[in-house]
Amino acid sequence: QHLFPQYTGMTVTAYVRREKIERAKFLLKCTDLSCSAVGQRLSFCSQSYFIQIFKQETGITPAAYRRAAMADLGQSWSNAQNATKPGKPV
């Protein structure tokens, strides 16, 4: 436990929390699980604690993250569709 911070620059607890938030971001972006279900799947003790930690790590709530991710995905899809239309350079 004493060597972990030397190699990673963070405590074990902080590392586990960061990894859980990265997994939450993936689940929010790539699944239709509710925010509550994502928190439960990642073993947060309550939905409010999940939201609190997610916001501390990312600066936004899980719901806001999902909305932003969906907006980005929609924009990427729109750009891809426009790029493949006849007469448009690819």
Side-chain angles (χ1 to χ4, degrees):
Q1 189 175 15
H2 297 291
L3 295 176
F4 193 85
Q6 290 177 347
Y7 290 107
T8 64
M10 63 182 70
T11 65
V12 173
T13 302
Y15 177 82
V16 169
R17 181 175 42 204
R18 188 190 72 190
E19 291 301 309
K20 286 170 81 171
I21 295 304
E22 288 302 313
R23 182 70 177 156
K25 287 163 63 175
F26 172 81
L27 292 171
L28 290 165
K29 189 184 294 187
C30 299
T31 72
D32 62 353
L33 290 171
S34 68
C35 293
S36 178
V38 170
Q40 287 175 341
R41 181 169 286 193
L42 296 173
S43 301
F44 283 92
C45 61
S46 69
Q47 182 177 359
S48 61
Y49 185 65
F50 169 55
I51 293 168
Q52 175 187 344
I53 297 301
F54 192 95
K55 190 169 182 179
Q56 281 178 4
E57 294 289 320
T58 66
I60 59 176
T61 66
Y65 179 85
R66 174 172 272 162
R67 283 191 300 273
M70 293 299 104
D72 287 345
L73 182 61
Q75 183 62 39
S76 296
W77 176 254
S78 178
N79 290 343
Q81 292 290 45
N82 288 334
T84 59
K85 287 184 180 175
K88 296 262 185 177
V90 178

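Owing to the predicted nature of the structure, the values given are computational and were not obtained by experimental measurement.
Rounded to the nearest 0.5 angstrom, Leu33 CG and Leu42 CG are separated by 9.5 Å. Annotation: the span from Leu28 atom CG to Arg67 atom CZ amounts to 11.0 Å, rounded to 0.5 Å.
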Apply the test side-chain hydrogen bond (donor to acceptor under 3.5 Å, both in side chains) to residues Thr13 and Thr11: give CA-CA distance (whole Å), side-chain angles for both, the deciding distance (0.1 Å), then the verdict.
CA-CA 5 Å; Thr13 302; Thr11 65; 4.7 Å; no

What verdict does the side chain to side chain contact (heavy atoms under 4.5 Å, CB included) test give for Ile51 and Gln47, after you've listed the backbone C-alpha separation in whole Å, the side-chain angles of each residue and the deciding distance to 0.1 Å?
CA-CA 6 Å; Ile51 293 168; Gln47 182 177 359; 3.9 Å; yes

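Here Gln40 pairs with Ser36 under the side chain to side chain contact (heavy atoms under 4.5 Å, CB included) rule; sequence neighbours left out. By the side chain to side chain contact (heavy atoms under 4.5 Å, CB included) test, Lys55 is found to be paired with Thr61, residues two or more places apart in sequence or in another chain being considered. Residues passing the side chain to side chain contact (heavy atoms under 4.5 Å, CB included) test with Phe26 are Arg23, Cys30, sequence neighbours excluded. Residues forming a salt bridge (Lys or Arg N to Asp or Glu O under 4.0 Å) with Lys20 (at least two apart in sequence, or on another chain): none. Partners of Gln6 by side chain to side chain contact (heavy atoms under 4.5 Å, CB included), not counting sequence neighbours, listed by chain and number: Leu3.
With a 4.5 Å cut-off on side-chain heavy atoms, Met10 and Val16 do not count as touching.
By the 30° and 60° cut-offs, the orientation of the rings of Tyr15 relative to Phe4 is perpendicular.
Applying the salt bridge (Lys or Arg N to Asp or Glu O under 4.0 Å) test to every pair with at least one member in residues 25-45, sequence neighbours left out, gives these pairs: Glu22-Lys25.
Nearest heavy atoms, Phe50 versus Pro62: CE2-CG, 3.6 Å. When all heavy atoms are compared, the tightest approach of Phe54 to Ile60 is CD2-O, 3.2 Å. Taking each heavy atom of Leu27 and Arg66 in turn, the nearest pair found is O-NH2, 3.6 Å.
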